[in-house]
J.: 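Next up is a structure, given as structure tokens.
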Amino acid sequence: MSINYIASSKLPTPWGVFSMHGFEDVQTGKEHVALTFGTLIADSPMLGRIHSECLTGDALFSLRCDCGFQLQTAMQHIAEHGQGFILYLRQEGRGIGLLNKIRAYELQDRGANTVEANEQLGFAADMRKYDMIAPMLEKIGVTQVRLMTNNPRKVKAMQEFGIEVVERVPLQVGKNRYNEAYLKTKSTELGHMMSEHHFSDDDQ
Ligand SMILES: Nc1nc2c(ncn2[C@@H]2O[C@H](COP(=O)(O)OP(=O)(O)OP(=O)(O)O)[C@@H](O)[C@H]2O)c(=O)[nH]1
Ligand SMILES: [Zn+2]
């Protein structure tokens, strides 16, 4: 794993002015981004999120998933809190890429769930790797994290790379009638920790 830091700039957003730091993954050619807000203090727990690229949810307003809602909510929480970070990792479609994700959506439109669709295409349910996290966090000066996620695999991956996750902060937002089955499958088959109220009709 070789990650090169390239450059930093300001990123004004509706929630405040973040700093944006660009990284190049030499092996895969992927361009990852770290956003930081406020002053990050090493050896103090930082509120943060590891976000996997979802073009459809993050940029195209898709209601098939919860990604865009999670990204916006995480940025808002960090700005309100006054400090924190987001690693925006270019591992679209849980690592299978955008075009394969569209193939998987096509299968889902015909009845497969998110895991079955990946498997029908010859992929594991989740192909993501997290080894870029450690060098990115080292560069922005984060060693301890309060991680906004529902995914226990992310917590485990961070700990394997020597980052201390002092708390998991649930991030259950964006449920709607188009992603209800998707969220349920994440809970039952991918191990995401979602409280039952997320599946009731009155929380959206
Ligand atoms: N292959 C595939 N990828 C999907 C699908 N829906 C969303 N994704 C991708 O899944 C990734 C987000 O992962 P999720 O499993 O939704 O959530 P997570 O990041 O593991 O967990 P949280 O931190 O709780 O959000 C993004 O890269 C999306 O592009 C799908 O139906 N098929
Ligand atoms: Zn998504």
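Indexing begins at 1, ligand by ligand and atom by atom, following the structure's order.
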J.: Considering heavy atoms of the protein only, find what lies nearest to atom 14 (P) of ligand 1 and give residue, atom and distance to 0.1 Å.
T.: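 Its nearest protein heavy-atom neighbour is Lys186 NZ, 3.4 Å.
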J.: Just to verify, what does Phe85 make a ring pair (Phe, Tyr, Trp, His ring centres under 6.0 Å) with, not counting sequence neighbours?
T.: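 Ring pair (Phe, Tyr, Trp, His ring centres under 6.0 Å) check on Phe85 returns nothing, list empty.
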J.: Output yes when a side-chain donor or acceptor of Asn4 lies under 3.5 Å from a complementary backbone atom of Ser2, and no otherwise.
T.: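 No: the side chain of Asn4 does not pair with the backbone of Ser2.
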J.: For atom 9 (C) of ligand 1, grab the closest protein heavy atom and report residue, atom and distance to one decimal in Å.
T.: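 Answer, as residue, atom name and distance: Arg94 N, 3.6 Å.
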J.: Quick one: does any side-chain atom of Arg49 pair with a main-chain N or O of Ile86 as donor and acceptor, under 3.5 Å?
T.: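 Here the side-chain-to-backbone pair does not exist.
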J.: Measure the distances from the heavy atoms of His51 to every atom of ligand 1 and state whether one is below 4.0 angstrom.
T.: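 Under 4.0 Å: no for His51.
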J.: Does ligand 1 have an atom under 4.0 Å from some heavy atom of Arg153?
T.: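 Per 4.0 Å heavy-atom rule, Arg153 does not contact ligand 1.
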J.: Should Leu47 and Gln83 be marked as a side-chain contact (heavy atoms from CB on, under 4.5 Å) after you check the CA-CA gap, both sets of side-chain angles, and the distance that decides it?
T.: CA-CA 7 Å; Leu47 184 62; Gln83 58 189 184; over 6 Å; no
J.: Any salt bridge linking Asp126 with Lys154? Criterion: basic side-chain nitrogen under 4.0 Å from a carboxylate oxygen.
T.: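 Answer for the salt bridge query: no.
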J.: To which of Lys101, Glu53, Arg128 does the heavy atom nearest atom 4 (C) of ligand 1 belong?
T.: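 Selected option, by shortest heavy-atom distance: Lys101.
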J.: Is there a salt bridge (Lys or Arg N to Asp or Glu O under 4.0 Å) between Lys129 and Asp131 once you walk through the steps?
T.: CA-CA 6 Å; Lys129 292 197 169 75; Asp131 44 0; over 6 Å; no
J.: Over 60° means perpendicular and under 30° means parallel, so tell me whether His21 and Tyr5 are parallel, tilted or perpendicular.
T.: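 Ring orientation of His21 relative to Tyr5: tilted.
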J.: Would you check whether Ile96 has a nitrogen or oxygen atom less than 3.5 angstrom from a nitrogen or oxygen atom of ligand 1?
T.: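 In fact, backbone or side chain, Ile96 has no N or O that close.
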J.: Nearest heavy atom to atom 6 (N) of ligand 1 wins, so pick from Phe69, Tyr182, Phe123.
T.: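 Checking each option, the heavy atom nearest atom 6 (N) of ligand 1 is found in Tyr182.
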J.: Does any N or O in the side chain of Ser52 come within less than 3.5 Å of the main-chain N or O of Gln91, such that one atom is a donor and the other an acceptor?
T.: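 Side chain of Ser52 to backbone of Gln91: no pair is present.
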J.: For the Zn ion (ligand 2), how many protein N, O or S atoms come closer than 2.8 Å?
T.: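 The number of such protein atoms is 3.
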J.: Give a yes/no on ligand 1: does Tyr105 have at least one heavy atom closer than 4.0 angstrom to it?
T.: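 Judged by the 4.0 Å heavy-atom criterion, Tyr105 does count as contacting ligand 1.
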J.: Nearest heavy atom to atom 25 (O) of ligand 1 wins, so pick from Gln70, Gln172, Glu92, Arg90.
T.: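 It is Gln70 that holds the nearest heavy atom.
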J.: Contact between Arg64 and ligand 1, counting heavy atoms under 4.0 Å?
T.: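 It does not; every heavy atom stays at 4.0 Å or beyond.
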J.: With side chains defined as the heavy atoms from C-beta onward, is the minimum distance between Ile78 and Met148 less than 4.5 Å?
T.: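 Ile78 vs Met148: side chains touch.
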